[in-house]
Every structure is written in C-alpha cells, then in structure tokens.
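Starting from 1, each residue takes its place in the sequence as its number.
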Amino acid sequence: MRMARLACTCLILVLAGAERLHAEPLYTVDDLGAALSRCWTPPAGFKDSFVTLRFGFRGDGTLMGPPRPTAIRVSGDEKQRQAFVAAATEALQNCVPLEFAKELSDEIAGNVFTLQFKSAP
C-alpha cells in the first residue's frame, strides 16, 4: 500500500513538473526554440545522427498536423533510422500544446518551421 501511495505521489510530482514546462507563455521565437529543445532527449546508441523535422503551429500552440522529416542521417540500418525519426517526432508531439503570448501567436501561426534533432555528441 505504501509503495502504491509513493508511486502515485511521484507520478503527481512528475506531471506537475511537466505542467510547469508549459505554464509560462512563450514571448519570442527564441523562447519557442528553448522550450522545444527541453523536450528532446536523444535516444542512446546513436552517433553522428540527425533528423530535420518540418512542422507548423496553430495560434493555440498545437501542431498543424504531424511533423514531416525533410532530412535524415542516421548511422545504422533502416530499423534504427525509423526509431530515431520516431523518437524525434514523438518528442515534438509530446511537447505541445505550448502556450504562446498573443504577439508570438500572431507572428508564428501558420508559418512553417524546421528543427534539427541531433544525437548526443
């Protein structure tokens, strides 16, 4: 019973911490880049690998459809390539919705962004 209570408490703390990531509105494109970079943890076992994703945001901070890979360099076989691209795509999708200040929302809504997700050095 104690373990279940501890697990629930830890889960609440983790979720509360994740909520704080999105609690402050983003005011600039630099803020947006910093928020997105906090969502990416490169999967282990990849070196000299990257994927560039193309995506857009709605004014409410959600994605305008699924991110699309535009450039991929992953050392390994096709299965590893797919795993790396999936990890980057999931990281981006799990990072939203973001909260944009009105000015940033007006500036970026509907624009196309590209972001490169790199393996750990």
**Complete:** Looking only at heavy atoms, the pair that brings P42 and K118 closest together is CG-O, 3.5 Å

**Prompt:** W40 side chain to Q116 main-chain N or O, any donor-acceptor pair under 3.5 Å?
**Reply:** no

**Main-chain N/O of R54 paired to T114 side chain as donor or acceptor, under 3.5 Å** = no

**Asked** Going through the distances and angles, do D60 and T62 end up as a side chain to side chain donor-acceptor pair (under 3.5 Å)?
**Response** CA-CA 6 Å; D60 66 359; T62 60; 2.6 Å; yes

**Pairwise side-chain contact, V74 with V51, heavy-atom cut-off 4.5 Å (strictly under)** = no

**Request:** Answer yes or no: is there a donor N or O on one side and an acceptor on the other, between the side chain of T52 and the main chain of T70, under 3.5 Å?
**Result:** no

**Prompt:** How close do S37 and A34 get, heavy atom to heavy atom, and via which atoms?
**Reply:** OG-O, 2.8 Å

**Stepwise side-chain contact (heavy atoms from CB on, under 4.5 Å) test for Q82 and E78** = CA-CA 6 Å; Q82 289 174 354; E78 182 61 23; 3.3 Å; yes

**Request:** Output, in order, the C-alpha distance, side-chain angles, deciding distance and verdict of side-chain contact (heavy atoms from CB on, under 4.5 Å) for F50 and S119.
**Result:** CA-CA 6 Å; F50 72 85; S119 58; over 6 Å; no

**Request:** Drop me the distance from E103's CD to T28's OG1, to the nearest 0.5 angstrom.
**Result:** 11.0 Å

**Derivation of the side-chain contact (heavy atoms from CB on, under 4.5 Å) call for E99 and L26** = CA-CA 6 Å; E99 184 179 343; L26 305 174; over 6 Å; no

**Request:** Taking only Lys NZ, Arg NE, NH1 and NH2, and the carboxylate oxygens of Asp or Glu, determine whether R81 and D77 approach each other closer than 4.0 Å.
**Result:** no

**Asked** Is L115 reachable from V29 through a run of I, L, V, M, F, W or Y residues, each pair having side-chain heavy atoms under 4.5 Å apart?
**Response** yes

**Request:** Show the numbers, then the answer: is there a side-chain contact (heavy atoms from CB on, under 4.5 Å) between L104 and D31?
**Result:** CA-CA 10 Å; L104 183 61; D31 292 346; 5.6 Å; no

**Asked** About how many Å separate CG of L98 and SG of C39, when rounded to the nearest 0.5 Å?
**Response** 7.0 Å

**Item:** Check: S105 side chain, F100 main-chain N or O, donor-acceptor pair, under 3.5 Å
**Value:** no

**Item:** L36 and its side chain to side chain contact (heavy atoms under 4.5 Å, CB included) partner, picked from F55, F113, F117
**Value:** F55

**Message:** Using every non-hydrogen atom in the two residues, find where L92 and L63 come nearest and quote the distance to one decimal.
**Reply:** CG-CD1, 4.3 Å

**Fill in**
On a heavy-atom basis, the closest approach of S75 and Q80 is O-OE1, 4.1 Å

**Asked** Donor-acceptor pair, S49 side chain versus F46 backbone, under 3.5 Å?
**Response** no

**Item:** Minimum heavy-atom distance between A109 and G59, given as atom pair plus value
**Value:** CB-N, 3.7 Å

**Message:** Please tell me whether Y27 and V96 are part of a single hydrophobic cluster in this structure, the criterion being side-chain heavy atoms less than 4.5 Å apart.
**Reply:** no

**Closest non-hydrogen atom pair, P43 against A87** = CG-CB, 4.0 Å

